[in-house]
Visitor: 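Got a structure for you, questions after.
Per chain, numbering begins at 1; letters A, B, ... match sequence-line order.
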Number of protein chains: 2
Amino acid sequence: MDKKLKPKDALIETASRLFKLRGYCGVGLNDIIAESGVPKGSLYHYFPEGKEQLATAAINYTKQLVIEDIQQVFADASNPLDAFQTYVYELSKAFGEGGDPLGSPIGTIAGETHTTSETIRLACDSTFKDWQAIYAEKFLEAGYSAQDSTSLAVTFHALTEGGILLALTSKSGKPLEAIANQIPFLLAQK
Amino acid sequence: MDKKLKPKDALIETASRLFKLRGYCGVGLNDIIAESGVPKGSLYHYFPEGKEQLATAAINYTKQLVIEDIQQVFADASNPLDAFQTYVYELSKAFGEGGDPLGSPIGTIAGETHTTSETIRLACDSTFKDWQAIYAEKFLEAGYSAQDSTSLAVTFHALTEGGILLALTSKSGKPLEAIANQIPFLLAQK
DNA sequence: GTCTATAACCAGATAGAC
DNA sequence: GTCTATCTGGTTATAGAC
């Protein structure tokens, strides 16, 4: 598979997909080379520092995918309420029944490695901050103060990370659905 | 260490502590026996089904610890707003600088194993539902409808799970602080 | 007989040589 | 791109201590 991808991209794509499903420690390099079809020699050619370096590339790849997804949803929304509700509702469909199984974009990796790999922890931290910056911008545009915007961005990011975790654990889109339904009330007062 | 604990309890306590910090796959049985001082033979005496069985016991142990923590905070709070804000604020202190390093109670384990171990996934799912039941009860007592109470319970649980993840990743209590500060606004309208 | 201690097992890991 | 080295994973076997 991945015949059309260059070896390096095939490695990143496969790694990011498997890490989402089983976490960093749960995926072996053998799994990645088997699924990507890229030989082990090539892996160490493109990623001489090994698994950590491949994981960092996979995290940055996932970061970009998520950014594009968020921006697409946000482009069509006129206010933060619509934007977030639509986004979480879309997540609930993606993690619900039917469709390809998805994992946590990078949350599991962050939870596993925050004490063991400073490199990966920093990659996750920077990814989280980039996502939050997009959220904060949406609040700023709507007239919220800078301080409120960043706090709300953190809060909504936490909501999505936690919601995805609950969806995966219960194998159901319902937790994210419940969260999406609450969002109008959560933002009603401001 | 753990001289005063019985071997079985020492294993559960050590396992739950290490799993919180490094996840399920990231902790080897060798780490657990080394830190607990319990020999490998005893481990398989008390947990004949091995690592999965020990992990399930560790999850249930952590579940109980968290339940007691929640109930203690909730007992002193007259309304859900105070209850949740106090709880999240307490989390922010626990995950902030100083003090023992903490990990995600079971969130990382859930993220790692949802596709690989149905046994552990179900233990995590049941733990999450038990915690949410306590949250929902607090809302019910305050006069919220049954449906709103369960939805709000899911939402606040997601907030805590996501907030803890952000705290660990950034090695800071600030994300949880920001969330705690937003809670009055999130619940203001009802 | 319950529990402990240690040693051996083999599959799998990452890594790297050829 | 294959093939090997080295090490660690979880597991099991067996012998001894209480």
Visitor: Please determine if A:Glu35 and A:Arg17 form a salt bridge, counting it only when a charged side-chain N lies under 4.0 Å from a carboxylate O.
Guide: yes
Visitor: Quick one: B:Ile33 CD1 to D:dG10 C1', roughly how many Å, whole number?
Guide: 11 Å
Visitor: Using whole Å, report how far CG of B:Leu54 lies from C1' of D:dG10.
Guide: 12 Å
Visitor: Are the charged groups of A:Arg121 and A:Glu118 less than 4.0 angstrom apart, N to O?
Guide: yes
Visitor: Specify the separation, in whole Å, of atom NZ of B:Lys6 and atom P of C:dC3.
Guide: 10 Å
Visitor: Under the criterion side-chain contact (heavy atoms from CB on, under 4.5 Å), which of A:Thr155, A:Leu186, A:Val154 is the partner of B:Gln182?
Guide: A:Thr155
Visitor: Would you please enumerate the stems DNA chain C participates in, each stem being three or more consecutive Watson-Crick or G-U wobble pairs with both distances under 3.5 Å?
Guide: C:3-18 with D:1-16
Visitor: Is the closest side-chain donor-acceptor distance between A:Gln132 and A:Thr150 under 3.5 Å?
Guide: no
Visitor: Measure from CZ on B:Arg22 to C1' on D:dG9 and round the result to the nearest Å.
Guide: 13 Å
Visitor: Side-chain N or O of A:Asn30 versus OP1/OP2 of C:dG12: is the shortest distance under 4.0 Å?
Guide: no
Visitor: Would a 4.5 Å heavy-atom cut-off, applied to side chains only, mark B:Thr56 and B:Phe47 as touching?
Guide: no
Visitor: How about A:Tyr24 and A:Phe19: are their ring centroids closer than 6.0 Å?
Guide: yes
Visitor: Once you round it to whole Å, what is the distance between C1' of C:dG16 and CD of A:Gln53?
Guide: 15 Å
Visitor: Would you give me the side-chain donor-acceptor pairs under 3.5 Å for residues 75-87 of chain B, sequence neighbours excluded?
Guide:
residue	atom	partner	partner atom	Å
B:Asn79	OD1	B:Leu81	N	3.0
B:Asn79	OD1	B:Asp82	N	2.8
B:Asn79	ND2	B:Asp82	OD2	3.3
B:Gln85	NE2	B:Ala180	O	3.1
B:Thr86	OG1	B:Asp82	O	2.7

Visitor: Take the protein atom CZ of B:Phe47 and the nucleotide atom P of C:dT4, then report the distance between them rounded to whole Å.
Guide: 12 Å
Visitor: Quick check on contacts: within residues 38-46 of chain B, what sits under 4.0 Å from DNA chain C by heavy-atom distance?
Guide: B:Pro39, B:Lys40, B:Gly41, B:Ser42, B:His45, B:Tyr46
Visitor: Quick check with a 6.0 Å cut-off and a 45 degree axis cone: is A:Lys6 positioned over the face of A:Tyr46's six-membered ring?
Guide: no
Visitor: Report the distance from atom NZ of A:Lys51 to atom P of D:dT8, rounded to the nearest whole Å.
Guide: 15 Å
Visitor: If I take atom CG in residue B:Leu29 and atom P in nucleotide C:dG12, what distance separates them, rounded to the nearest angstrom?
Guide: 17 Å
Visitor: Could you tell me whether the side chain of A:Glu161 reaches within less than 4.5 Å of the side chain of A:Trp131, counting heavy atoms only?
Guide: yes
